[in-house]
There are 4 protein chains.
Amino acid sequence: MIDPSADRAQYRQIADSLRDAIMSGQLPDGARVPSEEQLRQEHGVSRTTVRKAIDVLKGEGLVEVRAPRGTFVRNNQQPVQTVPLRRGDRVRARMPSPEERREHDVREGVPFLVVTRADGTVEVHPGDRTQAQQGPTGR
Amino acid sequence: MIDPSADRAQYRQIADSLRDAIMSGQLPDGARVPSEEQLRQEHGVSRTTVRKAIDVLKGEGLVEVRAPRGTFVRNNQQPVQTVPLRRGDRVRARMPSPEERREHDVREGVPFLVVTRADGTVEVHPGDRTQAQQGPTGR
Amino acid sequence: MIDPSADRAQYRQIADSLRDAIMSGQLPDGARVPSEEQLRQEHGVSRTTVRKAIDVLKGEGLVEVRAPRGTFVRNNQQPVQTVPLRRGDRVRARMPSPEERREHDVREGVPFLVVTRADGTVEVHPGDRTQAQQGPTGR
Amino acid sequence: MIDPSADRAQYRQIADSLRDAIMSGQLPDGARVPSEEQLRQEHGVSRTTVRKAIDVLKGEGLVEVRAPRGTFVRNNQQPVQTVPLRRGDRVRARMPSPEERREHDVREGVPFLVVTRADGTVEVHPGDRTQAQQGPTGR
DNA sequence: GTGGTCTAGACCACG
DNA sequence: GTGGTCTAGACCACA
């Protein structure tokens with residue numbers, strides 16, 4: 001239950017509750033998250049508060065909004081693409097800019113995997129479907 | 001200038017404007033971002049709209065809010081920590097949950113660098129100060 | 001062309017386009033307005049949006065819906081009826097209530113011409129076929 | 001009460017109910033009309049239906065929407081402006097185009113009072129604050 | 001003052 | 001009925 005007097009902001013409590021449901025599998029991959037109106041009534045808060053909770057989960061890459069269909073648990077698919085690493089390559093993670101998100105077709109809340117090759121060239125890959133790995137012959 | 005008509009939501013336009021200022025160095029690392037009230041007056045919008053713009057930049061890891069001091073351009077410091085990779089290790093990127101953020105002391109908008117070792121153990125590292133590198137003798 | 005971004009709501013843009021066609025005579029009095037389905041495809045919007053555009057034009061008295069025949073440009077016929085004014089008479093314009101619309105057989109989007117005689121009696125006349133005129137011998 | 005099975009569309013029934021309240025003075029000039037959400041709950045319909053009812057009243061010039069404050073009964077103020085009529089002048093009523101509404105600063109649902117002078121010149125006046133009258137010396 | 005949170009309401013586009 | 005955007009204003013905690 002949401003406690004309006006608690007230390008934790010109500011929108012965070014609602015986000016916590018939804019996150020638990022997702023993590024526990026109660027809301028499985030692809031499932032529909034209750035509508036803003038349902039959540040509003042359920043927790044007795046304003047729609048704005050509900051939306052902030054959803055924003056939190058978007059920022060964590062846990063849900064995906066498909067207007068005007070609804071909000072859905074993101075398919076946390078396994079990496080389907082493997083980028084081979086070679087000696088001296090470095091790997092980092094950072095958030096993309098909106099422009100980069102468009103270019104690489106990644107959704108909000110999805111970080112980039114950035115590979116800087118030993119020769120200085122830089123590659124960015126969508127973090128939700130890419131893994132980097134020392135190639136079979138990697139050495 | 002902000003165009004209240006236009007394809008792009010006003011809060012996104014304001015975020016674009018601030019992002020440009022940061023990227024161009026006009027607002028250097030550590031600089032104070034204008035206060036919500038200043039931005040509100042400058043662009044002729046409501047405070048709510050300004051806050052959404054700031055939220056966007058937080059989500060991109062570009063700024064950091066230090067209430068009640070103000071909002072500041074994040075120090076996009078270089079990685080100070082390097083995690084060695086060995087043959088068979090895999091690297092991914094994803095957003096942390098709030099709990100993980102607390103544990104590893106990372107701020108909003110900062111992704112995790114996740115290293116899955118060849119033996120199956122998993123390590124997570126803050127994306128804003130860690131890089132993974134295949135060791136010089138990588139093998 | 002309809003611009004889904006833009007200051008102006010799409011349904012208003014479609015209404016503008018049809019209004020222009022009517023005003024320019026491209027769609028003459030009595031002509032059939034393209035069907036909702038045709039407009040929907042032409043502008044790439046939902047039928048709801050098309051219907052809102054038609055609603056705007058109904059409110060302006062420019063078109064008339066004759067289900068299930070179609071929607072037609074209203075005959076902006078010249079006033080066929082002239083109400084004589086005498087000294088002290090006052091004339092106003094206002095929208096009728098639905099009941100008054102029924103009584104006087106006027107369609108949606110047609111205002112009333114209200115004549116208050118010098119002796120206090122009030123007459124209402126359909127605005128689309130009535131004009132008031134001070135008699136040539138006006139007195 | 002609203003009767004979903006009645007001949008009359010529910011949104012018209014709701015509009016009727018509000019119109020009665022306005023006409024009877026139960027909702028006096030300038031009063032706040034219940035919010036869409038209140039009306040929705042009161043009548044057990046969807047918000048869309050409520051909005052259509054409000055649209056009807058806007059079209060009749062009975063209410064005025066002032067976002068984001070609410071919807072209010074229009075001040076059906078008495079005419080404050082009197083246009084003198086001279087011999088041979090004709091008066092008509094029609095709805096303005098949006099452009100004309102902007103120019104003359106009139107709200108949705110307010111018709112125009114159109115005066116065609118004997119010499120052929122045409123004047124338009126906002127119907128909610130203008131009356132035409134044979135001038136004192138009119139003859 | 002600063003940001004943090006919340007409310008109640010509005011308009012829009014799509015189905 | 002769903003989400004997207006926006007408004008105007010409120011109270012709070014912090015320093």
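Here is how names work: the chains are called A, B, and so on, in the same order as the sequence lines, proteins then strands, and each is numbered from 1.
Note on B/Q10: every side-chain N or O is 4.0 Å or more away from OP1 and OP2 of F/dT5. Listed pair B/Y11 / F/dT5 meets the phosphate criterion, a side-chain N or O lying under 4.0 Å from OP1 or OP2. When the side-chain nitrogen and oxygen atoms of A/R51 are compared with OP1 and OP2 of F/dG4, one or more of them lie within a distance under 4.0 Å. A sub-4.0 Å separation between OP1 or OP2 of F/dG1 and a side-chain N or O of A/S35 is absent. Regarding contacts with the backbone of E/dT2, every side-chain N or O of B/T71 stays at 4.0 angstrom or more from both OP1 and OP2.
How far OG1 of D/T71 is from CG of D/L18: 10.0 Å, rounded to the nearest 0.5 Å. Rounding to the nearest 0.5 Å places CG of D/L27 at 11.5 Å from CZ of D/R32.
Checked against side chain to side chain contact (heavy atoms under 4.5 Å, CB included), D/Q41 has the following partners two or more places apart in sequence or in another chain: D/E37. Every ring-ring contact (aromatic ring centres under 6.0 Å, His included) that A/F112 has, sequence neighbours left out, goes to A/H104. Here A/R94 pairs with A/E100 under the salt bridge (charged side-chain N to carboxylate O under 4.0 Å, His left out) rule; sequence neighbours left out. C/R107 meets the salt bridge (charged side-chain N to carboxylate O under 4.0 Å, His left out) test with C/E64; sequence neighbours excluded.
Going from atom CD of A/E37 over to atom P of E/dT7 covers 13 Å, rounded to whole Å. Distance NZ (B/K58) to C1' (E/dT5): 11 Å, rounded to an integer number of Å. Atom NE2 of C/H43 and atom C1' of E/dA13 are 16 Å apart (whole Å). For the pair D/D55 CG and E/dC12 C1', the interatomic distance rounds to 13 Å; values are reported in whole Å. The nearest whole Å value for the distance from the CD atom in C/E36 to the P atom in E/dG15 is 15 Å. Rounded to a whole Å, the CZ atom of A/R66 is 13 Å from the C1' atom of F/dG3. Spacing between atom CZ of B/R32 and atom C1' of E/dG1 amounts to 9 Å, rounded to whole angstrom units. Atom C1' of nucleotide E/dG4 and atom CD1 of B/I54 are separated by 13 Å, given to the nearest angstrom.
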Summarise how protein sits on nucleotides 8-15 of chain F as a single string, 5' to 3': B when a protein heavy atom is under 4.0 Å from the base, S for sugar-phosphate-only contact, - for no contact. B-B---B-
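Using a 4.5 Å cut-off on side-chain heavy atoms (C-beta onward), B/Q10 and B/H43 make no contact. Considering only heavy atoms from C-beta on, B/R51 comes within 4.5 Å of B/E36 through its side chain. By the 4.5 Å heavy-atom criterion applied to side chains, B/V124 and B/P96 are not counted as neighbours.
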Watson-Crick and G-U pairing of DNA chain F written in dot-bracket, each distance under 3.5 angstrom, with | for inter-strand partners: ||||||||||||||.
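A salt bridge is defined here as a Lys NZ or Arg NE, NH1 or NH2 lying under 4.0 Å from an Asp or Glu carboxylate O, and B/D55 with B/K58 meets this definition.
Checking D/R40 against B/K52, the closest nucleotide of DNA chain F that is more toward the 5' end is the one next to D/R40.
Within the 4.0 angstrom heavy-atom criterion, no nucleotide atom of any strand lies near A/R8.
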